[in-house]
Amino acid sequence: MTYQPKSDFLDVMIARGFLADCTDLQGLDEALRAGVVPAYIGFDATAKSLHVGSLIQIMMFRWLQKTGHKPIVLMGGGTTKVGDPSFRAEERPLLGPAEIDANIAGIRQVFSAYVSFGDGPTDALMLNNAEWLDGLNYLDFLRDIGRHFSVNRMLSFESVKSRLDREQSLSFLEFNYMILQAYDFLELNRRYGCRLQMGGSDQWGNIVNGIDLTRRVLETEIYGLTSPLLTTSDGKKMGKSAAGAIWLDAEMVSPYEFWQFWRNTTDADTGRFLKLYTELPLDECERLGALAGSEINAAKVRLANEITTLLHGPEAAAAAEATSREVFEKGGVGDDLPTIMLDRAEIEHGIANTSLFVEAGLAKSGKDARRLINEGAARMNDVVIAEVKVLHPDDLAAPVKLSAGKKRHALVKLAD
């Protein structure tokens, strides 16, 4: 990179590994140094929370605000009704307005842990693109906006090409998504002075579309910045675990499970994740990431504590660490372990031990639970389970610790 940015925000983005590409690095740098730059990232409201895969964008917002600029969290209340075709093998299921609104409310709670909302110049805003998309007149939109888009160019975008190359259906509804997202940038610039769109590198085509459209219609200079699409060092997609997505909502994934996800980071990823997902000084991130042997475990605990503190608070992080030490170092049962409650009447005639593993989220199905047993990876109260068997209420009178492998645990209790 020949140009060395002087703005605090871009300095952080580059030094900590957030920057994949930028439409005009020097122009954006100058704008950031000249005053407050409102910047947005779009999120579809397809679930009531975001998961760890979105955390890199959330941290970009946090740094944007900390360096004196304004985050605009754009919820796709309108575009969620259409569905983003970007690098998807099939069309998204469509949601109704009530479900979309409930999802947006849940996602706002997540963001409140990372940025401050309000009316000040650098306070974050959460907006819903249904505000301008729901009332569009189709003929006016075609005339005023559609004429600026080339179908030939749209077909060349990798997100569309990959679907067509695999001969998978791409509906006209989805094809319109990139036009609507481009229109979002235009409206955000017109209504809120937004000058920067950020997103993952898979959004590059959509971001460039929005910049081109806004320049053509409003003759305004705006910018785009993308972050790398992260995978772990073993090639897995960020945000997933053996048990499923790692959600940022404590009701969907407990603070202990969230903490444990980060504690299980591979050695090779520890230093990189410290830079991206914590606010520790860079030299400390590098020192911790360079530890080897058993010492790297201390760095992983620090990583888990820092990230869990940001999202769930210091008490939740401390409780998760204490539970982890109790479970892993002492072979005990920690207070913060994920717990399922069973009704005595419902299991009066017994429940298979495989069903317990499914109920506890340690296995995806009875077949998966049987595989764990056959491989010797399923334990009850730290004793290897030798076979599938039926358990009765008396067998569960005291809390039972289930373990799947060495790193996933849960408690089973009978309700009083």
Side-chain angles (χ1 to χ4, degrees), residues 51-53 231-247 252-270 273 293-294 296-297 299-301 303-304 308 319-342 347 350-414:
H51 60 62
V52 164
T231 56
T232 56
S233 58
D234 54 4
K236 294 178 181 175
K237 192 174 182 180
M238 275 300 295
K240 302 287 185 181
S241 74
I246 303 299
W247 298 100
M252 298 172 73
V253 169
S254 72
Y256 171 78
E257 292 171 290
F258 183 79
W259 188 96
Q260 197 64 46
F261 172 79
W262 295 105
R263 170 61 182 83
N264 293 337
T265 295
T266 61
D267 295 1
D269 288 324
T270 303
F273 288 176
S294 60
I296 193 69
N297 290 328
K300 295 177 185 180
V301 169
L303 173 74
T308 305
E321 182 181 0
T323 292
S324 180
R325 290 190 187 282
E326 182 69 27
V327 171
F328 291 100
E329 296 179 13
K330 302 176 184 178
V333 176
D335 294 335
D336 207 30
L337 211 59
T339 301
I340 60 165
M341 303 296 294
L342 297 179
I347 63 165
I351 183 171
N353 51 11
T354 50
S355 297
L356 288 182
F357 277 79
V358 176
E359 290 276 345
L362 298 177
K364 295 177 182 177
S365 62
K367 181 180 179 181
D368 189 31
R370 287 190 293 274
R371 177 188 60 77
L372 288 171
I373 291 173
N374 292 336
E375 293 175 355
R379 298 191 306 283
M380 183 178 291
N381 290 335
D382 298 320
V383 176
V384 173
I385 298 173
E387 60 183 350
V388 177
K389 64 182 292 187
V390 174
L391 302 173
H392 294 90
D394 288 348
D395 299 314
L396 302 170
V400 170
K401 183 175 81 170
L402 300 179
S403 303
K406 296 179 179 179
K407 298 180 177 179
R408 294 190 293 134
H409 308 271
L411 276 185
V412 178
K413 293 183 178 180
L414 284 185

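Computation of the quantities below employed the complete heavy-atom set of this structure, encompassing side-chain atoms and omitting hydrogens, waters and symmetry-equivalent molecules. Note that the numbering runs from 1 along the sequence shown for the chain.
Between I246 atom CD1 and E257 atom CD the span is 7.0 Å, to the nearest 0.5 Å. The line from CG of L303 to OG1 of T265 is 5.0 Å long, rounded to the nearest 0.5 Å. Interatomic distance, R370 CZ to E387 CD, rounded to the nearest 0.5 Å: 14.0 Å. Here the OG1 atom belonging to T266 is positioned 9.5 Å from the CD1 atom belonging to I296, to the nearest 0.5 angstrom. Interatomic distance, L362 CG to L372 CG, rounded to the nearest 0.5 Å: 8.0 Å.
With hydrogens and angles disregarded, a donor-acceptor distance shorter than 3.5 Å links the side chain of T323 to the backbone of A319.
Between R263 and N297 there is a side-chain heavy-atom pair separated by less than 4.5 Å. Residues T354 and K367 fail the side-chain proximity criterion, which asks for heavy atoms closer than 4.5 Å.
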Determine, step by step, whether V52 and V253 satisfy the side chain to side chain contact (heavy atoms under 4.5 Å, CB included) criterion, reporting the C-alpha distance in whole Å, the side-chain angles of both residues, the deciding distance to 0.1 Å, and the verdict.
CA-CA 11 Å; V52 164; V253 169; over 6 Å; no
Going through the distances and angles, do F357 and D368 end up as a side chain to side chain contact (heavy atoms under 4.5 Å, CB included)?
CA-CA 9 Å; F357 277 79; D368 189 31; over 6 Å; no
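Closest approach of P255 to A320, counting heavy atoms only: O-CB, 4.2 Å. What you find for A299 and T270 is that their closest heavy atoms are CB-CG2, 3.9 Å. In terms of heavy atoms, W259 sits closest to V301 at CZ2-CG1, 4.1 Å.
Under the 30°/60° scheme for interplanar angles, the aromatic rings of F258 and W262 are found to stand perpendicular.
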